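Just below is one structure, and these are the notes that go with it.
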Amino acid sequence: MDHNLELQLQESDLKLRSGEHMSSNSIKLISGNSHPELAELISKKLAIPLSKVGVYQYSNMETSVTIGESIRDEDVYIIQTGTGEQEINDFLMELLIMIHACKTASVRRITAVIPSFPYARQDKKDKSRAPITAKLIANLLETAGCDHVITMDLHASQIQGFFHIPVDNLYAEPSVLNYIRNHTNLANAILVSPDAGGAKRVASIADKLDLNFALIHKERQKANEVSRMVLVGDVKGKSCLLIDDMADTCGTLVKACDTLLDHGAEEVIAIVTHGIFSGSAREKLKNSRLSKIVCTNTVPIDLDLDIVDQVDISPTLAEAIRRLHNGESVSYLFTHAPV
């Protein structure tokens, strides 16, 4: 072979390896039907329009997905949260079909942005013949063709170990800290964890705010039903900030609020990441003694109550998408809340 030709081939090979000849791919945002408002907020933060996608249901309730534009060799981010009472399984199936549709459309990488991870509470085999459903969801996402997952405040961080693909578990804590600093009187505040499992989360926030914290020990007779609560700590005359990762039926929050007020607390403000509010949650909150309940917009909130306030976490998700696409560190977001 001619020596000059051999050098040209070697140089071309080096350029291909370094990515000089590869097409520069862009971010494509796809929104499912679970939380279009959050997808719009992320789209505005990134200044990237949502891609055209048609999601339909046949009369027999089968889901059909059509991607309305070319996404070949692009970096695709599908925004779909785990929410709803009956709809959660429909939205999960919709996400899996959208991932598969993108995979067959020859995209470069598929990232599922799932702010509230479905079935996250079924993360362990805590009784005989119980399924570990969170592991099943991980398997389904991988089988569908997902390359990466972005989620927020996983109920149990070990769920990341159920995957064979990268998982970025973001935290609402920086945004919550900003809210607490701007909307509460820290001089008279105390943080409270409604159960032992959330003690680590509350201790972390207490350290950053230099506040004391109390703990409530709860005993359950069956799932979603608390039988007895015991307070550990002094809350007399204090403004209690009740911190939890999710509020579902709100039985725990309402009972914890009553326990704190019965022990002399001045007021109780509940702050949760995922405000699911299913079943009788609306009635419980309406009749509760909570001064306020604050939640992020990881799931859509359909509560017409004066005591509900919301923290926007779309800047954190948008910045995570941007950093992931550009190959930058995401750990900055664990301690900082972008505006």
Side-chain angles (χ1 to χ4, degrees), residues 116 121 152-153 155 171-220 224-278 280-299 301 303 305-311 313:
S116 176
R121 283 174 286 184
M152 180 166 274
D153 277 11
H155 187 66
Y171 301 101
E173 184 181 289
S175 301
V176 167
L177 283 169
N178 287 346
Y179 181 90
I180 292 172
R181 289 189 183 109
N182 295 329
H183 294 85
T184 58
N185 177 19
L186 293 177
N188 192 43
I190 184 169
L191 298 175
V192 183
S193 173
D195 54 29
K200 190 177 177 183
R201 182 188 305 109
V202 173
S204 171
I205 296 175
D207 286 344
K208 291 178 176 69
L209 294 172
D210 196 24
L211 292 175
N212 291 327
F213 78 93
L215 174 71
I216 291 175
H217 171 65
K218 63 183 179 183
E219 297 173 359
R220 290 184 188 273
N224 278 351
E225 194 173 301
V226 180
S227 57
R228 195 167 75 95
M229 287 192 159
V230 181
L231 175 66
V232 181
D234 182 20
V235 297
K236 193 168 184 180
K238 295 285 188 181
S239 173
C240 295
L241 305 179
L242 196 60
I243 312 286
D244 208 353
D245 67 327
M246 68 172 66
D248 188 358
T249 59
C250 292
T252 297
L253 285 183
V254 171
K255 282 202 172 187
C257 173
D258 291 340
T259 301
L260 292 168
L261 291 171
D262 291 345
H263 281 79
E266 188 179 285
E267 65 169 353
V268 180
I269 299 169
I271 303 175
V272 299
T273 304
H274 309 300
I276 299 169
F277 306 132
S278 66
S280 58
R282 186 190 299 270
E283 282 304 309
K284 285 176 184 171
L285 290 175
K286 200 173 183 179
N287 300 322
S288 75
R289 295 193 281 169
L290 283 166
S291 299
K292 188 184 285 187
I293 179 161
V294 182
C295 53
T296 71
N297 56 344
T298 55
V299 295
I301 306 301
L303 287 176
L305 296 173
D306 294 334
I307 62 168
V308 177
D309 206 355
Q310 206 165 40
V311 177
I313 48 82

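The structure displayed is predicted, hence computed values, not measured ones.
In this structure Asp258 satisfies the salt bridge (charged side-chain N to carboxylate O under 4.0 Å, His left out) test together with Arg289, sequence neighbours excluded. For Glu267, there are no salt bridge (charged side-chain N to carboxylate O under 4.0 Å, His left out) partners at least two apart in sequence or on another chain. Under the salt bridge (charged side-chain N to carboxylate O under 4.0 Å, His left out) criterion, Lys286 pairs with no residue, sequence neighbours left out. Applying the side-chain contact (heavy atoms from CB on, under 4.5 Å) rule to Thr259 yields the partners Met229, Leu231, His263; only residues at least two apart in sequence or on another chain are considered. Applying the side-chain contact (heavy atoms from CB on, under 4.5 Å) test to Asp207 and every residue at least two apart in sequence or in another chain returns nothing. In terms of the side-chain contact (heavy atoms from CB on, under 4.5 Å) criterion, residue partners of His183 (sequence neighbours excluded) are, by chain and number, Tyr179.
Evaluated for a side-chain contact (heavy atoms from CB on, under 4.5 Å) with Pro194, the options Ile243, Leu215, Asp244 yield exactly one hit, Asp244. Shown are Ile271, Val294, Val311, Ile269; of these, the side-chain contact (heavy atoms from CB on, under 4.5 Å) with Ile180 is made only by Ile271. In summary, of the residues considered (Thr184, Ile190, Val192), a side-chain contact (heavy atoms from CB on, under 4.5 Å) with Leu241 occurs for Thr184 alone. Among the candidates Leu261, Leu253, Leu260, the single residue satisfying the side-chain contact (heavy atoms from CB on, under 4.5 Å) test with Cys257 is Leu261.
Using modelled atom types and a 3.5 Å distance limit, the side chains of Ser239 and Asn188 yield no donor-acceptor pair.
Asp248 has a carboxylate O that lies under 4.0 Å from a charged side-chain N of Arg121, or vice versa, which qualifies the two as a salt bridge.
Scanning both residues, Asp153 and Ala172, for their nearest heavy atoms gives OD1-N, 3.3 Å.
Checking side-chain atoms of Asp245 against main-chain N and O of His274 turns up no donor-acceptor pair under 3.5 Å.
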